[in-house]
Each structure stands twice: as structure tokens, then as C-alpha cells.
There are 2 protein chains.
Amino acid sequence: MPYTEDQVLETLPGVRPVLEQIAHKWAILVLTFLCEEPKRFNALKRRLDGITQKALTETLRRLERNGLVERTVTVASPIAVVYSITPLGRTLQDPLLALYDWAVDHQGDLTEAQARFDARS
Amino acid sequence: MPYTEDQVLETLPGVRPVLEQIAHKWAILVLTFLCEEPKRFNALKRRLDGITQKALTETLRRLERNGLVERTVTVASPIAVVYSITPLGRTLQDPLLALYDWAVDHQGDLTEAQARFDARS
DNA sequence: CTGAATCCGAATCGATACTG
DNA sequence: CAGTATCGATTCGGATTCAG
């Protein structure tokens, strides 16, 4: 059920910081991929074409801090670090997958719209 | 139906720039609000507590460029500018509302997780 | 293998002032 | 009302280097 304007007005102050944490280009991709199965650092890095170590590290830290991702260190040699989705993170699976699917489906629409807009300007 | 790893690998290069356009804290809120009804600049600004004119202008421009929002100027005095959701933008309503609802529901969970993480560190 | 630390230029942000 | 212009501050992105 949609919110009334008043309800949205009330909840907004707290919603904005939440969106800042999860509405992030890398965070969405990382969470989506981790929903499939736990993955190691370099496995994630390979999937996230073009991400730098720095950006991936920062993204994983933020997600861990927010309780969406768990970091597990396997004390072996060589050391292995596995990132997995938490139950809380799992609750984001459907919303994020919906967004991911939309991006796949409407990729071309955005490109066309951009071209039209740029041509007018 | 979920994607196989290979399918995701194929589509990723094009998906990332799309997410950069819509996975943005203000963009999500603006689109969500415009899905209710067309709104004027200052009406949006009031709803988006704390946003600056600059950020709102930039967000609306980007959304307009991507064909998600339409900008209509009413030549009157005082001048009136109405922003409305486009059919393409409307296809984002459900995914974004799901994200918005998640943010409302799990606001407290994130705050607690952050407190726990910060206490450990 | 999995990061942390640093550096640097670019991009973005926020606040303020001004305009048709 | 709906912006534009400006400017300093903060952040971001990428590259490089080092370490457990």
C-alpha cells in the first residue's frame, strides 16, 4: 500500500541516510552477486568489471558495517577471506534484483533518451 | 528467473552505467515522489528535506536526460515549471517503491548494525 | 591472496549570492 | 518561482606501493 504524503514526510528524514548506504552503484552489484553465493575478494573483483581494489574494499566495509554482509577470515595459508550475505542483506535480494533486471531491460531506452536529449541541446 | 553467472557477466558492462544514473539517493526519492503526481520545482524541494537547489536541479536534469522525467514550462507570470514522470520512468515505480519500503522497514536494523560495528572498532 | 596506505587530479557538494 | 553563477570544501577515482 502506498504511503500518504504525510507518512512519507514523517519517515523521510530517516530514509535518506539509508538510501545513501544501499543506493550505490557498487553496493547494488556486490549485494546482488553475494546473494548467489559467498564469494572471495578476488572473485568479486573479477565479476565487478573495472572496480578498483580501493572501491571494492570500501564498498564491502560499508556493507559489513551496515550488517548486510559478513566477512569471514579462514586462517590458512594462503589466507582466504569470504564475504557472504547476511539474513538482513538477504531481505534486499528481491528489491535489488528488480532494479538489476530493470537496468538490463531498459539499458537501450536510456541510451536513446540520452542521445535525443543531447541532440536537442 | 535468476541469471546464470555467464549471463550476468555479459550484461554487466552495460548495466553499470545504468545503475549509476538511477541508483542515486536523490534520484530515487524524486522519482518516487513524481510517481504520485506531477510536481513543481519548489514542491519537490520542500518534500526533499535538505536538498539544495543545485542538487535538485542536477538530479532533475539527469532524469530528464535519461527520459525518466518530463519538464513542462508554463509561460505565465509567475512562471511555472512542472515535472512529471514519463512512461519509461513509470516502469521504475515498483522497483523503487520496493527499495523505499525496505529503507523504511529496516532503518532501525541498519542503525543498530552500525552501532555494533563501531563499538567493535 | 587480501588487503592497507598514500598521493593526486577530477568530480561532486554545500552554501551563498544573484537573475528573469 | 525557478533557476544560474560562483567558490571553497569534501569526496571520489585511479594508480602505485607496501605488507601480513
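Reminder, nothing fancy here: chain letters follow the sequence lines and each chain counts from 1. Every value quoted in this text rests on a predicted model; they were computed, and no experiment measured them.
- In this structure, A:P78 and B:G50 both approach DNA chain C, and ranking their closest nucleotides by distance from the 5' end singles out A:P78.
- Taking five base pairs at each end of the helix from C:dC1-D:dG20 to C:dG20-D:dC1 and finding the rotation axis that steps the C1' atoms of four pairs onto the next four gives two axes whose angle is 50°, to the nearest 10°.
- One atom, CD of B:Q53, and another, P of D:dC1, lie 12 Å apart when rounded to the nearest Å.
- No donor-acceptor pair under 3.5 Å is formed between the side chain of A:T32 and the backbone N or O of A:L97.
- Under 4.0 angstrom from either OP1 or OP2 of D:dC1 there lies no side-chain N or O belonging to B:R40.
- One interatomic measurement links the two molecules: CG of B:L56 to P of D:dA2, which rounds to 10 Å at whole-angstrom precision.
- Residue B:K54 places its side chain closer to D:dT6 than to any other of D:dA2, D:dT6, C:dT6.
- Taking atom NZ on B:K39 and atom C1' on D:dG3, their separation rounds to 20 Å, with Å as the unit.
- Annotation: side chain of B:L110 is in contact with side chain of A:L88 (closest heavy-atom distance under 4.5 Å).
- Within the structure, every side-chain polar atom (N or O) of B:Y83 is placed at least 4.0 Å from both OP1 and OP2 of D:dC1.
- Listed candidates were C:dG3, D:dC1, D:dT4. Nearest to the side chain of B:T57 is D:dT4.
- Checking A:I51 against B:R61, the closest nucleotide of DNA chain D that is more toward the 5' end is the one next to B:R61.
- In this pair, B:F41 and B:Y83 present their aromatic rings tilted. The plane angle is within the 30 to 60° band.
- Within the 4.5 Å cutoff, the side chain of B:V81 has no heavy atoms near those of the B:R40 side chain.
- Remark: A:R71 is in phosphate contact with C:dG3, judged by side-chain N or O atoms under 4.0 Å from OP1 or OP2.
- Put simply, CZ on B:R46 is 14 Å from P on D:dG3, counting in whole angstrom units.
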